[in-house]
Amino acid sequence: MSKNICFIDGLEGILKYRDVDINELIDLPYDAVSYLLIRGELPGKQELAEYSARLHAERGINREVMDIIRMCNLNIDAMEALRTVVSFISQFDPDLNDNSQEGNMRKAIRLIAVVPTIVAAYYRTANGKEPVPPDPSLSHGANFLYMIKGIKPDPLEAEIMEKDFILSAEHELNASTFSSRVTASTLSDLYSAVVSGLCTLKGPLHGGARAEVMTMLEEIASPENAEMYVLEKIKKREKIMGFGHRVYKTYDPRGTIFKQLSRRLAEVKGDMRWYSIAEEIENNVIRELVEKRGKPIYPNIDFYSGVIYKYMEIPPQLATSIFAIGRISGWIAHCFDQYEKKRIIRPRIFMLDEC
Ligand code: SDX
């Protein structure tokens with residue numbers, strides 16, 4: 001695979017997966033973007049049909065997996081259950097220790113397909129409801145919403161969920177991808193690498209920020225309270241969740257797309273409340289941190305995605321696992337690349353000073 005898995009220009013706010021700009025990928029099915037990431041090229045019509053058919057056929061979970069889900073603490077973030085269950089199912093994959101390209105591709109398809117089902121089954125169980133079996137006729141996004149809500153999703157919500165998975169799919173050497181790569185670099189199996197990614201993604205400085213954004217929106221409750229909230233945070237030198245980025249020193253292009261999507265959703269729902277709170281937070285952060293203090297702190301991927309979940313009535317406990325559902329294709333693409341290198345990642349301690 002010759003193309004870069006990911007390209008980011010943090011000064012211009014450009015993001016590409018395998019040399020294709022994110023704005024060109026956003027209207028494709030998630031399956032096509034997943035194929036692009038792990039295979040290196042966009043699929044043709046026939047290739048996409050075959051890949052989707054394989055993914056959709058691998059969505060189911062069996063009774064033993066449901067037993068494990070029921071044994072999980074049902075009052076925690078879905079990420080905790082997800083990492084436990086992914087670790088559990090690895091033991092029954094006949095390809096677990098087959099690190100050939102074919103073996104890894106079979107595991108990749110199973111993992112990408114089954115992770116949304118685990119998250120949805122945990123969510124339904126935790127809420128005292130029967131799990132909803134996956135529907136192979138639905139797209140990745142529509143099927144996930146169907147499995148958590150138990151009804152065929154509204155087409156706009158399904159479209160936005162599909163786009164969320166695409167925007168979340170890949171972001172170069174972020175902390176969770178780095179974790180996955182380190183695990184793969186030891187020639188450990190793909191499940192272990194994905195579990196490493198899950199464990200790292202959940203931290204509030206990384207994917208966990210989405211849930212924190214939702215809590216912040218609830219706490220602020222009304223656009224008039226946003227200014228006071230932002231000023232207080234800055235005074236106490238606390239981080240405002242959903243803002244700032246190690247690489248972007250301008251608007252995160254994913255944040256910009258999420259902002260447009262959340263506005264569209266707010267307008268269609270005829271309820272601007274969450275969007276207006278978010279926009280007020282953004283305006284105040286830009287004025288106080290960017291304009292007055294010259295710090296490049298802009299909304300990142302986790303800010304307006306949190307707004308979208310408020311409108312879709314998705315609770316904070318699911319927010320990070322939704323990020324994980326999208327990101328798994330990116331982790332796997334990096335693991336495949338790492339397996340080809342057959343070289344362990346072993347930095348020296350002094351290199352951490354640069355991180
Ligand atoms: C993701 O790496 C990736 O690509 C990650 C990701 C992906 O797709 O994988 O994009 C996903 O993790 C998005 C980030 C989600 N996290 C948050 O929203 C949490 C809030 N953000 C910050 O904690 C922070 O901006 C980070 C962790 C995202 C980036 O941290 P950096 O680059 O190490 O920045 P820093 O903590 O060293 O801060 C530099 C300065 C500091 O001020 P000074 O001490 O220099 O005066 O910027 C300030 C910080 O206080 N600052 C913020 C801020 N983020 C940075 N001030 C207020 N609010 C913020 N959010």
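Worth saying up front: this structure is predicted, and the values here are computed from it rather than measured. Remember, it's 1-based here, ligands and their atoms both numbered in the order they're listed.
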Which residue supplies the protein heavy atom nearest to [atom], what is that atom called, and how far is it?
atom: atom 2 (O) of ligand 1; value: Asn174 CB, 3.5 Å
atom: atom 16 (N) of ligand 1; value: Leu205 O, 2.9 Å
atom: atom 24 (C) of ligand 1; value: Phe243 O, 4.1 Å
atom: atom 4 (O) of ligand 1; value: His171 ND1, 2.6 Å
atom: atom 49 (C) of ligand 1; value: Lys239 CE, 3.6 Å

Heavy-atom contact under 4.0 Å between [X] and ligand 1?
X: Ile297; value: yes
X: Glu212; value: no
X: Arg327; value: yes

Indicate yes or no: does [X] engage [Y] in a salt bridge with an N to O separation below 4.0 Å.
X: Asp271; Y: Arg273; result: no
X: Glu47; Y: Arg39; result: no
X: Lys107; Y: Asp189; result: no
X: Glu80; Y: Lys202; result: yes
X: Arg181; Y: Asp337; result: yes
X: Lys16; Y: Asp19; result: no
X: Glu159; Y: Arg264; result: yes
X: Lys269; Y: Glu157; result: yes
X: Glu130; Y: Arg124; result: no

Considering all heavy atoms of both residues, which atom of Asn104 and which atom of Leu190 are nearest to each other, and what is their separation? O-CD2, 3.7 Å

With heavy atoms of [X] as the reference, note each atom of ligand 1 found under 4.0 Å away.
X: Lys295; result: 42 (O), 43 (P), 46 (O)
X: Gly244; result: 25 (O), 28 (C)
X: Ala209; result: 15 (C), 16 (N), 17 (C), 18 (O)
X: Ile240; result: 20 (C), 57 (C), 58 (N), 59 (C), 60 (N)
X: Arg237; result: 44 (O), 46 (O)
X: Asp302; result: 1 (C), 13 (C), 15 (C)
X: Gly242; result: 17 (C), 18 (O)
X: Arg254; result: 7 (C), 8 (O), 10 (O)

Step by step, would you call Glu267 with Tyr275 a side chain to side chain donor-acceptor pair (under 3.5 Å)? CA-CA 9 Å; Glu267 284 170 352; Tyr275 179 84; over 6 Å; no

Yes or no, since that's all I need: does a protein heavy atom fall within a distance strictly under 4.0 Å of [atom]?
atom: atom 7 (C) of ligand 1; answer: yes
atom: atom 19 (C) of ligand 1; answer: yes
atom: atom 37 (O) of ligand 1; answer: no
atom: atom 13 (C) of ligand 1; answer: yes
atom: atom 34 (O) of ligand 1; answer: no

Of the listed options His245, Met241, His206, closest to atom 10 (O) of ligand 1 (non-hydrogen atoms): His245

Which option out of Glu238, Arg246, Lys233 puts a heavy atom nearest to atom 32 (O) of ligand 1? Arg246

Has Arg210 got its NZ or CZ under 6.0 Å from the middle of the six-membered ring of Phe323, at an angle within 45 degrees of the ring axis? yes

Same cluster (ILVMFWY, side-chain, under 4.5 Å), Val230 and Ile286: no

Should we say atom NZ of Lys292 is surrounded by more than 12 heavy atoms from elsewhere, each under 6.0 Å from it? yes

